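Contents: one structure, followed by commentary.
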There are 2 protein chains.
Amino acid sequence: MPRTSTKAAAPVRRVASDYRLEDQVGFLLRRAYQRASSNLVERIGSYDLTAPQYATLARLYERGALSQNLLGRLVAMEPANIRDVVLRLKKRRLLATRRDPTDKRLILIDLTTAGVALVEQLIPIEIECTATTLAPLKADQRRLLYELLGRLAEG
Amino acid sequence: MPRTSTKAAAPVRRVASDYRLEDQVGFLLRRAYQRASSNLVERIGSYDLTAPQYATLARLYERGALSQNLLGRLVAMEPANIRDVVLRLKKRRLLATRRDPTDKRLILIDLTTAGVALVEQLIPIEIECTATTLAPLKADQRRLLYELLGRLAEG
DNA sequence: TCGATATTGTTATGATCATAACGATACCGA
DNA sequence: TCGGTATCGTTATGATCATAACAATATCGA
């Protein structure tokens, strides 16, 4: 006997196998990401950075100079999107761009000194933020979640 | 001895507790949601619907008429966002709006006949799509994932 | 070598997203 | 009842997102 409707103006409709939006992974994933993202913005928002922007900086910090396209793939952004993010971060002098001398198609991107300094300041904050997001879970549950999410993302 | 850099133009930087973007839940959640969302659009894209639009229709189907604000909360969208989604769906005659007679602030929203018909057509597709997204996981892992995601979303 | 094919970055379009500020309406306690 | 407070919907701004079409450059096989 699932969910009771309190005072619906219209009768609740039912489909064969009583469907619930909550049972769809996509919906759950979207809400969980909203939570994680808002946790992050809450902490690094004062730096005027979004989650994708932080991911971009962090990736450059990890890997050093990358082409714009590869950078985009490594942070899971389409070419058109990573372009905009790079432009904004470049305008703030957090990263710099230059042409690849051997392959004229490529734009090489790397952190500036200011960018490196900022990332090193933010990394501890992000680790703390991840802990906050994962707070409802026990240690073994967290490990499990990582494994499951990893499989989903890779397909 | 983690990750080896192949031919980085710049040296790989390291922070104290060798940080990896992949260890941050937010990043994993974002990628998993991307996958789920693209799975859905792949199947219902021919109906010219996005994931949030589908969620909105499905919620109305489940619950019957709702105020715009409550509808937004039930699909995890801010007032400004649910407004735009409602406008687009209304333009396509998939839902209809009317003023609440008792509370002049509210806009009551409900599916049209066409909207109901469309949702009933889409629900089996979405269930199939969820199965596709969850394909990499075994049955007990799926149950586990749902529980873990539920806890994260609720905080 | 040269021509088909693939890759990179750009542009354009449309749909989410979150936030802040605002007027209108409801509610609620003194 | 009446005035402060809360809720609802709107508007504006800026940042993601995905997709398609395009030009420039690389690559690879005949």
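On a predicted model such as this, the values are computed, not experimentally measured, just so you know. Reminder, nothing fancy here: chain letters follow the sequence lines and each chain counts from 1.
When all heavy atoms of B:Gln53 and B:Asp48 are compared, the pair lying nearest together is OE1-O, 3.7 Å.
Among the heavy atoms of the strands lying under 4.0 Å from B:Glu78 is at least one base atom, whether or not backbone atoms are also near. When heavy atoms are screened at a 4.0 angstrom cut-off, B:Arg30 is found touching the sugar-phosphate backbone but no base atom. Residue contacts for B:Thr102: at a heavy-atom cut-off of 4.0 Å it reaches the sugar-phosphate backbone alone, with no base atom in range. Heavy atoms of B:Pro79 sit under 4.0 angstrom from at least one base atom. Residue contacts for B:Ala80: at a heavy-atom cut-off of 4.0 Å it reaches a base atom on one of the strands shown. Using a 4.0 Å heavy-atom criterion, one finds that B:Asp103 contacts the sugar-phosphate atoms exclusively.
Between B:Arg143 and B:Glu147 there is no salt bridge, since none of the side-chain N atoms of the basic residue sits less than 4.0 Å from a carboxylate O of the acidic one.
Atom-to-atom, CG of A:Asp100 to P of C:dT7 comes out at 17 Å; the value is rounded to the nearest Å. To the nearest angstrom, C1' of C:dT16 lies 13 Å from CG of B:Leu89. Whole-Å rounding puts the A:Leu87 CG to D:dT16 C1' distance at 14 Å. Atom CZ of B:Arg83 and atom C1' of C:dT19 are 16 Å apart (whole Å).
Under the 3.5 Å distance criterion, the side-chain polar atoms of A:Arg59 are left unmatched by any main-chain donor or acceptor of A:Leu66. Between the side chain of B:Glu62 and the backbone N or O of A:Leu21 there is at least one donor-acceptor pair closer than 3.5 Å. Formation of a donor-acceptor pair under 3.5 Å by the A:Thr97 side chain with backbone atoms of A:Ile107 is not found in this model.
The shortest distance between the side-chain N/O atoms of A:Thr50 and the OP1/OP2 oxygens of D:dT16 is below 4.0 Å. Distances shorter than 4.0 Å separate none of the side-chain N or O atoms of A:Arg105 from OP1 or OP2 on C:dT10. At C:dT8, one or more side-chain N or O atoms of A:Arg73 fall inside 4.0 Å of OP1 or OP2 (strictly under the cut-off).
Listed candidates were C:dG9, D:dC8, D:dA15. Nearest to the side chain of A:Asn69 is C:dG9. When distances run from any side-chain atom of A:Arg88 to the nucleotides C:dA15, D:dA15, C:dT10, the shortest one goes to D:dA15.
A residue-by-residue look at B:Leu106 and A:Val85 shows that B:Leu106 has its nearest nucleotide of DNA chain D further toward the 5' end. Residue-to-nucleotide proximity on DNA chain C shows that, of A:Ser67 and B:Tyr33, the 5′-proximal contact is made by A:Ser67.
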